[in-house]
Amino acid sequence: MSITLHRGLAPQHRADAARLYWEAFGSKLGPVLGPDALALRFIRRVMDETHAVSAVDEATDTLVGVIGFRTHLGTFVGGGRHDLAAVYGLWGALWRMACFSILAFDSERRAMMVDGFAVDEGYRGAGVGQMLLEAAGAEALARGFTHLRLDVVDENLRARALYDKMGFRVTRRRQSRLTGLVFGFEGATVMTRDLRVANPL
């Protein structure tokens, strides 16, 4: 298996990136971005390939993982009212914007934020996730950030174990009944890795 990391996302991999993103986050975003066909259409429309690192199996030219990130210049999966309206119609855009407004999208100058992280099921356990996190850290440093930050929901124990292993440390917790009602999760842990400190692996 020959996995190569690429800055950005090749045009032929956009649909697979949207699928991986939706497989990872559809259970939480489904009530707002669903049904599946419309959600995938929206994600493909708004993805910014300049805010991602992709992992490709070179033998088959298959996208096997992607990690997106958010900076002051943009985010991997964003979009605004115009994009929502183009996919869901005006009314659909308005209530979806209201739902997304309850999510916390705060930022800090020193940290680049992870915005979407997914590995194809058939490649999990092969180190692809670690490779992508390392690449995101290198990208953050190249863009002038000293820290990489992410949020992990309480139920995602497998991801939390990986982040602990990769040197991320808990900085605070978020708690919101509104996110529980709309997205199905109330608690999330904010974790940050200081990129100036050597990776423990």
Side-chain angles (χ1 to χ4, degrees), residues 17 20-33 43 46-48 50-53 55 65-80 96-119 124 127-201:
L20 287 177
Y21 186 94
W22 190 241
E23 286 175 358
F25 300 103
S27 62
K28 296 174 180 62
L29 299 179
V32 178
L33 286 184
I43 295 166
V46 302
M47 276 191 307
D48 180 354
T50 67
H51 279 64
V53 176
V66 63
I67 188 165
F69 47 86
R70 184 167 71 249
T71 71
H72 61 287
L73 297 176
T75 189
F76 177 48
V77 177
R96 285 175 170 87
M97 284 193 69
C99 289
F100 281 124
S101 69
I102 70 174
L103 291 176
F105 290 115
D106 59 308
S107 61
E108 54 182 287
R109 181 172 296 180
R110 66 176 185 167
M112 186 175 83
M113 275 66 73
V114 172
D115 173 33
F117 176 35
V119 175
R124 292 172 192 167
V128 177
Q130 294 180 18
M131 293 169 60
L132 285 168
L133 282 169
E134 284 294 341
E139 185 69 25
L141 285 172
R143 291 173 179 249
F145 297 96
T146 59
H147 292 70
L148 185 65
R149 202 193 82 188
L150 52 82
D151 293 2
V152 57
V153 298
D154 294 343
E155 295 84 357
N156 198 343
L157 299 179
R158 181 172 180 171
R160 172 63 189 271
L162 174 61
Y163 303 147
D164 286 334
K165 181 180 178 181
M166 294 290 292
F168 286 83
R169 298 292 177 258
V170 174
T171 55
R172 66 180 185 276
R173 281 187 46 77
R174 302 184 192 277
Q175 199 76 23
S176 170
R177 290 186 178 180
L178 279 176
T179 59
L181 289 172
V182 177
F183 296 100
F185 67 93
E186 290 189 8
T189 300
V190 180
M191 303 185 74
T192 303
R193 178 181 167 192
D194 187 339
L195 301 170
R196 299 165 297 182
V197 177
N199 188 333
L201 294 178

(request) Would you name the heavy atoms of Gly78 and Val46 that are closest together and state the gap between them? (result) O-CG2, 3.7 Å
(message) Using 0.5 Å steps for rounding, measure from the CZ atom of Arg173 to the CG atom of Asp151.
(response) 11.0 Å
(request) Take Phe117 and Leu150 through the side chain to side chain contact (heavy atoms under 4.5 Å, CB included) test and state the conclusion after the steps. (result) CA-CA 10 Å; Phe117 176 35; Leu150 52 82; 6.0 Å; no
(request) Report yes if the side chains of Leu195 and His147 come closer than 4.5 Å at any heavy-atom pair, otherwise no. (result) no
(message) In the structure I gave you, are the side-chain heavy atoms of Thr71 and Phe145 within less than 4.5 Å of one another anywhere?
(response) yes
(message) Is there a side chain to side chain contact (heavy atoms under 4.5 Å, CB included) between Leu29 and Trp22? Walk through the geometry before answering.
(response) CA-CA 8 Å; Leu29 299 179; Trp22 190 241; 3.8 Å; yes
(request) Return the orientation label for the His51 and Phe69 ring planes: parallel under 30°, perpendicular over 60°, tilted otherwise. (result) tilted
(request) Measure across Ala118 and Leu132 and return the closest heavy-atom pair with its distance rounded to 0.1 Å. (result) O-CD1, 4.3 Å
(message) Which heavy atom of Arg124 sits nearest to which heavy atom of Val119, and what is that distance?
(response) NE-O, 3.0 Å
(message) Are the side chains of Val170 and Tyr163 in contact, using a 4.5 Å heavy-atom criterion?
(response) no
(request) Locate the shortest heavy-atom distance separating Ala136 from Ile67; write the atom from each residue and the value. (result) CB-CD1, 3.8 Å
(request) Considering non-hydrogen atoms only, spot the tightest contact between Asp48 and Thr75 and give its length. (result) CB-O, 3.4 Å
(message) Would you say that Phe76 contacts Arg70 through its side chain, given a criterion of any heavy-atom pair below 4.5 Å between the two side chains?
(response) no
(request) Give, for atom CD1 of Ile43 and atom CG of Leu33, the distance between the pair rounded to the nearest 0.5 Å. (result) 6.0 Å
(request) Go through the steps to decide whether Met97 and Val32 satisfy the test side chain to side chain contact (heavy atoms under 4.5 Å, CB included), and finish with yes or no. (result) CA-CA 9 Å; Met97 284 193 69; Val32 178; over 6 Å; no
(request) Output all residues satisfying salt bridge (Lys or Arg N to Asp or Glu O under 4.0 Å) with Arg143, sequence neighbours left out; order by chain, then residue number. (result) Glu139
(request) Using a 4.5 Å cut-off on heavy atoms from C-beta on, say whether the side chain of Phe168 contacts that of Val190. (result) no
(message) I'd like to check Met191 versus Arg169 (side-chain heavy atoms, cut-off strictly below 4.5 Å). Are they in contact?
(response) no
(request) Decide side chain to side chain contact (heavy atoms under 4.5 Å, CB included) for Asp194 and Leu148; before the verdict, give the C-alpha distance in whole Å, the side-chain angles of both, and the deciding distance to 0.1 Å. (result) CA-CA 7 Å; Asp194 187 339; Leu148 185 65; over 6 Å; no
(request) Can you see which heavy atom on Ala52 is nearest to which on Val66, and at what distance? (result) CB-CG2, 4.2 Å
(message) If the condition is salt bridge (Lys or Arg N to Asp or Glu O under 4.0 Å), which residues does Arg96 pass it with, not counting sequence neighbours?
(response) none
(request) Establish, from distance only, whether the side-chain atoms of Arg149 and Thr192 form a donor-acceptor pair under 3.5 Å. (result) no
